[in-house]
Student: 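Handing you this structure, nothing more for now.
We number each residue from 1, following the sequence as shown. Side-chain atoms are counted along with the backbone in the values below, which use heavy atoms only and exclude waters and symmetry mates.
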Amino acid sequence: MRNEQSAIIVRGLTKRFAPGLLPALDAVDIDVPAGSIHGVLGLSGAGKSTLLRCVARLETPDSGEIIVAGSDWTHLSAAALRRERGKMGIVFQHLHLLSSRTVAANIALPLEINGMPRTAVAQRVTELLEWFGIADKAKEYPARLSGGQQQRVALARALATNPRVLLADEPTSALDPETRASVLNTLRSIREQFGVTILIITHDMHSAAAICDTLTVLDAGRVAESGPACELLEHPSTEITRRLLAHTGWPQSSSPPRPLSRQTHFEEIGQP
């Protein structure tokens with residue numbers, strides 16, 4: 001699954017929201033190996049979500065380079081960016097499911113926007129409903145779903161166009177421990193089943209330790225440190241990382257937990 005090619009390359013990424021303000025991102029460099037799960041950590045205000053929005057080109061950076069799946073997204077026109085976006089799926093922290101659409105219709109939305117024929121849309125939606133274990137919820141509306149079910153709908157919609165890269169902003173926030181474990185296992189299955197590279201923005205050290213191969217810690221818009229998850233968690237080299245570990249109650253005297261067990265796919269998505 002892993003190889004040496006980077007699925008996401010960020011070089012010198014800088015973003016200011018107003019002249020005279022300190023940059024939200026300041027010369028950020030990140031490499032995300034293809035087929036990996038990479039976590040971006042940091043305290044509130046560190047620039048995590050701004051980084052995600054810039055990588056997705058929902059925000060225009062002031063300077064720097066963004067390479068996604070081998071394509072330079074840095075200076076794409078609006079039309080070219082729309083074409084390239086098929087390589088990327090995004091799950092936002094607040095999911096943004098459309099309350100007026102059923103589960104099936106929410107998943108179908110990006111395919112309809114891309115002009116896919118109706119029969120092909122129906123086939124793809126059926127595949128995703130079954131894969132995520134929510135086929136029985138196809139005609140339900142988001143308000144009638146549990147938090148874990150809503151997260152699966154958002155993930156299914158993000159994967160509808162068969163992207164090579166998935167961005168997830170705080171995918172386990174506000175979830176109970178059992179549902180959080182289910183979502184993490186589902187993310188692992190997405191990587192293993194589809195070969196999708198995943199970039200996770202999170203403040204949850206335990207979730208990051210459970211599934212991330214590599215980590216980057218941001219501090220006030222700058223990269224404090226970056227490297228293999230096990231090394232960074234066991235031997236943090238910066239004060240901000242040690243503060244982040246302490247802030248999240250990380251047991252610094254012990255090694256990180258072993259990754260979540262590799263259950264079968266159906267066991268993984270069978271949790272609420």
Side-chain angles (χ1 to χ4, degrees), residues 1-2 7-8 30 32-41 48-49 51-52 55-56 68-69 87-97 103 106-107 110 127-134 145-216 228-230 233 248 256-272:
M1 184 68 65
R2 297 283 303 278
I8 301 174
I30 291 179
V32 181
S36 70
I37 301 178
H38 184 90
V40 177
L41 299 161
K48 303 186 299 297
S49 292
L51 173 63
L52 179 142
V55 170
V68 177
K87 297 179 180 180
M88 178 182 289
I90 308 174
V91 179
F92 296 98
Q93 183 174 358
H94 299 294
L95 302 184
H96 299 307
L97 298 177
V103 165
N106 265 283
I107 297 171
E127 292 172 354
L128 288 165
L129 287 167
E130 292 177 353
W131 196 89
F132 280 92
I134 50 175
L145 304 180
S146 69
Q149 290 166 345
Q150 290 181 12
Q151 190 69 261
R152 283 185 232 156
V153 175
L155 286 167
R157 182 179 63 185
L159 293 174
T161 60
N162 287 304
R164 296 170 64 182
V165 171
L166 174 66
L167 308 185
D169 192 2
E170 300 285 2
T172 59
S173 65
L175 297 178
D176 62 79
E178 186 176 20
T179 305
R180 181 168 61 244
S182 174
V183 170
L184 292 174
N185 273 317
T186 300
L187 286 168
R188 186 200 303 283
S189 284
I190 287 170
R191 187 265 295 272
E192 293 178 350
Q193 295 278 332
F194 301 112
V196 175
T197 303
I198 304 177
L199 177 66
I200 295 178
I201 305 299
T202 184
H203 68 278
D204 184 350
M205 187 67 69
H206 296 275
S207 294
I211 65 168
C212 290
D213 304 298
T214 51
L215 295 172
T216 293
C230 58
L233 294 171
T248 54
R258 300 170 73 180
L260 296 172
S261 59
R262 296 176 180 270
Q263 306 166 26
T264 65
H265 168 64
F266 296 104
E267 290 174 331
E268 290 171 352
I269 66 174
Q271 300 296 330

Student: Who passes side-chain contact (heavy atoms from CB on, under 4.5 Å) against Ala208, sequence neighbours left out?
Tutor: Leu41, Thr202, Cys212, Leu215
Student: Could you tell me the separation between the CE atom of Met205 and the CG atom of Leu233, rounded to the nearest 0.5 Å?
Tutor: 6.0 Å
Student: List in chain and number order the residues that pass side chain to side chain donor-acceptor pair (under 3.5 Å) with Thr161, two or more places apart in sequence or in another chain; answer none if no residue qualifies.
Tutor: none
Student: So Asp213 and Pro33, do their side chains get closer than 4.5 Å, heavy atoms only?
Tutor: no
Student: Is the shortest heavy-atom distance from the side chain of Pro171 to the side chain of Val91 under 4.5 Å?
Tutor: no
Student: So, for Val32 and Ser36, which heavy atoms are closest and what is the spacing to 0.1 Å?
Tutor: CG1-OG, 3.6 Å
Student: Please report the closest heavy-atom contact between Ile211 and Arg188, naming both atoms and the distance.
Tutor: CG2-NH2, 3.9 Å
Student: If the condition is side chain to side chain donor-acceptor pair (under 3.5 Å), which residues does Thr216 pass it with, not counting sequence neighbours?
Tutor: His38, Ser226
Student: Please lay out, stage by stage, how Ile30 and Val55 fare under the test side chain to side chain contact (heavy atoms under 4.5 Å, CB included).
Tutor: CA-CA 11 Å; Ile30 291 179; Val55 170; over 6 Å; no
Student: Just verifying a value: how many Å separate Lys48 NZ and His203 NE2, rounded to the nearest 0.5 Å?
Tutor: 8.0 Å
Student: Please check this pair: side chain of Thr214 against backbone of Ala229, looking for a donor-acceptor N/O pair closer than 3.5 Å.
Tutor: no
Student: For Ile134, does its backbone N or O pair with a side-chain atom of Gln149 as donor and acceptor, under 3.5 Å?
Tutor: no
Student: On a heavy-atom basis, which atom in Gly89 and which in Pro163 lie closest, and how many Å separate them?
Tutor: N-CB, 3.5 Å
Student: What's the separation between atom CG in Leu166 and atom CD1 in Ile190, rounded to the nearest 0.5 Å?
Tutor: 6.0 Å
Student: Kindly indicate whether the side chain of Phe132, heavy atoms from C-beta on, has any atom under 4.5 Å from the side chain of Ile107.
Tutor: no
Student: Indicate the atoms forming the closest heavy-atom contact of Arg191 with Val196, along with that distance.
Tutor: CG-O, 3.5 Å
Student: Give, for atom CD of Gln151 and atom OG of Ser146, the distance between the pair rounded to the nearest 0.5 Å.
Tutor: 10.5 Å
Student: Checking Ala56 now: which residues fulfil side-chain contact (heavy atoms from CB on, under 4.5 Å) with it, not counting sequence neighbours?
Tutor: Leu58, Met88, Ile90, Leu167
Student: Ignoring hydrogens and geometry, is there a side-chain-to-backbone donor-acceptor pair from Arg164 to Thr197 under 3.5 Å?
Tutor: no
Student: Nearest 0.5 angstrom please: Leu199 CG to Ile8 CD1, how far?
Tutor: 5.0 Å
Student: At their closest point, which heavy atom of Arg157 faces which heavy atom of His96, and how far apart are they?
Tutor: NH1-O, 3.1 Å
Student: I'd like to check the side-chain contact (heavy atoms from CB on, under 4.5 Å) partners of Gln150; sequence neighbours left out, ordered by chain and number.
Tutor: Leu95, Leu97, Leu145
Student: Please name all residues satisfying side-chain contact (heavy atoms from CB on, under 4.5 Å) with Asn162, sequence neighbours left out, ordered by chain then number.
Tutor: Arg124
Student: Could you grab the distance from atom CG of Asp169 to atom CG of Leu52, nearest 0.5 Å is fine?
Tutor: 5.5 Å
Student: Going by the rule ring-ring contact (aromatic ring centres under 6.0 Å, His included), which residues pair with His94 if we only count those two or more places apart in sequence or in a different chain?
Tutor: none
Student: At their closest point, which heavy atom of Leu184 faces which heavy atom of Ala210, and how far apart are they?
Tutor: CD1-CB, 4.4 Å
